[in-house]
Every structure is written in C-alpha cells, then in structure tokens.
Amino acid sequence: MNRQKEISGFANQLYALLKKVPKGKVTTYGALAKAAGRPRASRAVGNALNANPFAPQVPCHRVVRSNGEVGGFAGGTDKKIRILKDEGVAVKNEKIVLFEERLFEF
DNA sequence: ACGGTGACGCTCA
DNA sequence: TTGAGCGCCACCG
C-alpha cells in the first residue's frame, strides 16, 4: 500500500545486480536474492523491487519466478510481459519460453 | 519490539 | 500437472 522511496542496503544490492542483466535475458527472485547474500529472501526481493525508484533504469521487469512465470509487476503483469516481448523474450501464457535459456547467471 | 504484508519458493495431496 | 499450505526475509506503522 505505502510507497517507500528510501533505498535500503538490501534493495541497493538488488538494483546493482539487476543492472547487470543484459537485454533479452531474465533472472529470478531467488537467484537475485542469493546474489545479494540472502538466498531465502526471494520474498524480500519482490518487496524491494516493488518500490523500485529506478523504474526503467533498473530492469526489474527482467525478474521472473523460479518456475518460469513472469510473476508480478507494479505496472501490471500484462505490461511486464509486453516489455519482455519487446526485448526479444518470448512469453506464452504468462510464462517465459525457453526459460532456462533466457536465464542470466551472475 | 511486535505483528501484518507481499512482484517468492518448495513440499504435499 | 494443478492447487493449497507452510516457510523465509525485509520493510512499515
């Protein structure tokens, strides 16, 4: 509900890592959490990205669920899918096509 | 300090 | 395979 624009250390790490993800590829909340040093904080990752103050600067739309689903998006899942497709990532029924091949590893 | 919330992940039926 | 339940972590009031 509340929007918090303040950036915390944890979130800051997520943004830095996320900026390393190349266009046309995607990563997962779990992998991102792990890279940030909290392999079990996949949920916290979602919370941090939800308040993402760097909108297009940080490709938060390239973060998807571990099962290949696009997951959620502040602007709407539909919007997220649209962006991914625009970057060359095929999405079918809210799921990444060739998910594992699109996955970017830190 | 405590409880509630949420763009998740995994296990079980 | 699909759906429901439980666990995890960080942030907010």
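Every chain is numbered from 1, with letters handed out A, B, ... down the list of sequences.
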Subject >> salt bridge (charged side-chain N to carboxylate O under 4.0 Å, His left out) partners for A:E94, two or more places apart >> reply: none
**OP:** For DNA chain B, determine which residues of residues 93-106 of chain A have any heavy atom closer than 4.0 angstrom to one of its atoms, and list them numerically.
**Re:** none
**OP:** Determine the contact category for A:F10: base if any of its heavy atoms lies under 4.0 Å from a base atom, sugar-phosphate if only primed atoms, P, OP1 or OP2 are that close, otherwise nothing.
**Re:** sugar-phosphate
Expressed as a whole number of angstroms, how long is the span from [X]:[atom1] to [N]:[atom2]?
X: A:E69; N: C:dT1; atom1: CD; atom2: C1'; value: 13 Å
X: A:L49; N: C:dC11; atom1: CG; atom2: P; value: 12 Å
X: A:L32; N: C:dA10; atom1: CG; atom2: C1'; value: 14 Å

**OP:** Assess whether atom NZ of A:K34 is packed by more than 12 heavy atoms of other residues, nucleotides or ligands within 6.0 Å.
**Re:** no
Original post:
Would A:V64 and A:L49 show up in the same hydrophobic cluster when neighbours are defined by side-chain heavy atoms closer than 4.5 Å?
Top reply: no
Original post:
A:L32, A:F104: one ILVMFWY side-chain cluster at the under-4.5 Å cut-off?
Top reply: yes
**OP:** Name all residues meeting the side-chain hydrogen bond (donor to acceptor under 3.5 Å, both in side chains) criterion together with A:N12; count only those two or more places apart in sequence or in a different chain, and write none if there are none.
**Re:** none
**OP:** Return the residues of residues 33-47 of chain A meeting this criterion: a heavy atom under 4.0 Å from some atom of DNA chain C. Order them by number, or give none.
**Re:** A:R38, A:R40, A:A41, A:R43, A:A44, A:N47
Dump the pairs, protein N or O against N or O of nucleotides 10-13 of chain B, anything under 3.5 Å, distances to one decimal.
| unit_1 | atom_1 | unit_2 | atom_2 | d |
| --- | --- | --- | --- | --- |
| B:dC10 | OP2 | A:S66 | OG | 3.2 |

Original post:
Got A:F106 and A:L17 here, is their nearest side-chain heavy-atom distance under 4.5 Å?
Top reply: yes
Subject >> Heavy-atom check, side chain of A:K25 versus side chain of A:R102, under 4.5 Å >> reply: no
**OP:** Take A:I96 and A:V91 through the side chain to side chain contact (heavy atoms under 4.5 Å, CB included) test and state the conclusion after the steps.
**Re:** CA-CA 5 Å; A:I96 306 296; A:V91 180; 4.0 Å; yes
Original post:
Roughly how far, to the nearest 0.5 Å, is CG of A:N50 from SG of A:C60?
Top reply: 9.5 Å
Would you give me the side-chain donor-acceptor pairs under 3.5 Å for residues 70-87 of chain A, sequence neighbours excluded?
| unit_1 | atom_1 | unit_2 | atom_2 | d |
| --- | --- | --- | --- | --- |
| A:K80 | NZ | A:Y29 | OH | 3.3 |
| A:K80 | NZ | A:V63 | O | 2.6 |
| A:K80 | NZ | A:V70 | O | 2.6 |
| A:K80 | NZ | A:G72 | O | 2.9 |
| A:E87 | OE1 | A:R62 | NE | 2.8 |
| A:E87 | OE1 | A:R62 | NH2 | 3.3 |
| A:E87 | OE2 | A:H61 | NE2 | 3.1 |
| A:E87 | OE2 | A:R62 | NH2 | 2.9 |

